[in-house]
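Being a predicted model, the structure only gives us computed values, none of them experimental. Order of appearance sets the numbers: ligands from 1, and atoms from 1 within every ligand.
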Amino acid sequence: MLAARLSRTLLQLPGKTLSISNGENATKRTLLFCSTSFTSIKHRTYTSEVDPVGSKAVLVTGCDSGFGFSLAKHLHSKGFLVFAGCLLKDKGDAGVKELDSLNSDRLRTIQLNVCNNEEVERAVEMVHSSLKDPEKGMWGLVNNAGISTFGEVEFTSMETYKEVAEVNLWGTVRTTKSFLPLLRRAKGRVVNISSMLGRMANPARSPYCITKFGVEAFSDCLRYEMYPLGVKVSVVEPGNFIAATSLYSPERIQAIAKKMWDELPEVVRKDYGRKYFDEKIAKMETYCNSGSTDTSSVIDAVTHALTATSPYTRYHPMDYYWWLRMQIMTHLPGAVSDMIYIH
Ligand SMILES: NC(=O)c1ccc[n+]([C@@H]2O[C@H](COP(=O)([O-])OP(=O)(O)OC[C@H]3O[C@@H](n4cnc5c(N)ncnc54)[C@H](OP(=O)(O)O)[C@@H]3O)[C@@H](O)[C@H]2O)c1
């Protein structure tokens, strides 16, 4: 089994272009060129036995847009009873309206800010009261809600570090803790959307990386604790899908940049200079259009984690470049990966 898994991942490598980065944000140089060009990972087909869905209840956070929005629709199409947590339901967000327009008993949007205790508790009550037999619990929780930002450590305010952690990390912990009694009753599933940046750090992404590393640690601890209780915990670590979701937009980058520059300590502003700062922002704007526009590998990974009899601990929907970089950064000595990717 182990040998088969190892050979499967290694077999994915021949015939691809392996590249190294010249530093920030995915600018690549070719390291090794083989016959096929560097492409996005194709749909990985998962083959393990699948539990029957049969209207099992699942809650997904952050369904206003991006992965969460697509997941809510996909899980509904698979037959799940879907509770789609939306940050802006009360404000009539377009994503919420589209989900509501499906007019299905099995897809219910709910107002859910994962940073707000009351809203999370209200969501638990709503799910509880909607279940046919609450004693049998609720099958799945997908912690998907997230935000991102950018900027070197010296450019990032403490307020920003806390703001990102409040959603990505503490939001995940809060929501999970609140739903665990229902999930334990069903011997169900927790699926946490982390990121490849939860496994390997990147310059200018520290506020995001530390939250996703935290999500990984939380998920591992929870997986160990829940194993004897029958709840299975998986982590999905998407690569770069920036072009496909609303995590970044040029407007958002400009707004972050303006606030960042205005709030920079004078010494940092003077030492780095406006030119350096503007170049970094321009790079970030280019990044907005990067990555895969096809999110189905992420959707398939979450679906497998929710439905397979033996879900994986970690899923890696990402292209070969990032997959290889992650293996090198997580398995080789830091000096080697620093030399290849960072310096
Ligand atoms: N896109 C990528 O390349 C990528 C890669 C790796 C991991 N991820 C992760 O994937 C997850 C989904 O992101 P995405 O790429 O699909 O971006 P997205 O389109 O921006 O989706 C994130 C969703 O979370 C919602 N949200 C933000 N703050 C919230 C809060 N306090 N409570 C509840 N919901 C909140 C957002 O609502 P609004 O739209 O109303 O703000 C949005 O609907 C995130 O955890 C992200 O870190 C994304």
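- Inspection of the Lys89 and Thr109 side chains reveals an N or O donor paired with an N or O acceptor under 3.5 Å.
- Not a single heavy atom of Met196 lies less than 4.0 angstrom from ligand 1.
- In summary, the side chains of Tyr161 and Glu166 do not present any donor paired with an acceptor at a separation below 3.5 Å, with no hydrogens or angles considered.
- Atom 34 (N) of ligand 1 has its nearest heavy-atom neighbour, among Ala145, Pro238, Ser249, in Ala145.
- A tilted orientation is assigned to the rings of Phe277 and Phe155, their planes being inclined by 30° to 60°.
- Under the 4.0 Å distance rule, the nearest protein heavy atom to atom 36 (C) of ligand 1 falls outside the cut-off.
- At a 3.5 angstrom cut-off on N or O pairs, Val114 counts as close to ligand 1.
- Side chains of Asn144 and Thr61: no donor on one and acceptor on the other come within 3.5 Å.
- The distance criterion of under 3.5 Å between nitrogen or oxygen atoms is met by Asn144 with respect to ligand 1.
- Using a 4.0 Å heavy-atom cutoff, Gly85 is absent from the residues neighbouring ligand 1.
- The aromatic rings of Tyr248 and Phe150 are tilted relative to each other, their planes meeting at an angle between 30° and 60°.
- Below 4.0 Å from some heavy atom of Ile147 lie the following atoms of ligand 1, by number and element: 27 (C), 28 (N).
- Using a 4.5 Å cut-off between side-chain heavy atoms of Ile, Leu, Val, Met, Phe, Trp and Tyr, with links allowed through other members, Leu59 and Leu87 fall into different hydrophobic clusters.
- Closest heavy-atom approach to atom 3 (O) of ligand 1 among the candidates Phe69, Phe67, Phe241, Trp170: Phe241.
- Under a 4.0 Å heavy-atom criterion, Ile193 is in contact with ligand 1.
- The line from CE of Met196 to SG of Cys209 is 9.5 Å long, rounded to the nearest 0.5 Å.
- Within the 4.0 Å heavy-atom criterion, the part of Leu112 lying near ligand 1 is the backbone and not the side chain.
- Side-chain polar atoms of Ser296 and Asp294 form a donor-acceptor pair below 3.5 angstrom.
- Using modelled atom types and a 3.5 Å distance limit, the side chains of Tyr315 and Glu237 yield no donor-acceptor pair.
- Of the protein's non-hydrogen atoms, the one nearest atom 22 (C) of ligand 1 is Gly146 O, 3.5 Å.
- Counting the atoms of ligand 1 from 1 in the order shown, those under 4.0 Å from a heavy atom of Ile242 are 3 (O).
- Glu216 and Ser194 are linked by a side-chain donor-acceptor pair at a separation below 3.5 angstrom, with hydrogens and angles left out of the test.
- Residue-level proximity to ligand 1 for Lys212 is carried by the side chain, the only part with a heavy atom below 4.0 angstrom.
- For Leu247, heavy-atom contacts with ligand 1 shorter than 4.0 Å involve the backbone as well as the side chain.
- Counting heavy atoms closer than 4.0 Å to ligand 1, residue Ala244 contributes nothing at all.
- For atom 31 (N) of ligand 1, the nearest protein heavy atom (residue, atom name, distance) is Asn113 OD1, 2.8 Å.
- In terms of protein heavy atoms, atom 25 (C) of ligand 1 is closest to Gly62 CA, 3.8 Å.
- Between Tyr321 and Arg325, the side chains place a donor N or O and an acceptor N or O closer than 3.5 Å (distance only, hydrogens not considered).
- Taking atom 1 (N) of ligand 1 as the reference point, the nearest protein heavy-atom neighbour is Thr245 OG1, 3.1 Å.
- Here is the list of ligand 1 atoms found below 4.0 Å of a heavy atom in Leu88: 40 (O).
- For ligand 1 and Tyr208, the ligand atoms under 4.0 Å from any heavy atom of the residue are 6 (C), 7 (C), 8 (N), 9 (C), 46 (C), 47 (O).
- In summary, the atoms of ligand 1 found under 4.0 Å from a heavy atom of Gly66, numbered by their order in the structure, are 16 (O), 19 (O).
- Both cation-pi conditions hold for Arg205 and Tyr208: the charged atom is under 6.0 angstrom from the six-membered ring centre and inside a 45 degree cone around its axis.
- Between Thr172 and Asn143, the side chains place no donor N or O within less than 3.5 Å of an acceptor N or O (distance only, hydrogens not considered).
- Using modelled atom types, one finds no donor on one side chain facing an acceptor on the other under 3.5 Å when comparing Ser178 with Thr175.
- The closest approach between a heavy atom of Gly239 and any atom of ligand 1 is below 4.0 Å.
- Among the atoms of Cys115, none of the N or O lies under 3.5 angstrom from an N or O of ligand 1.
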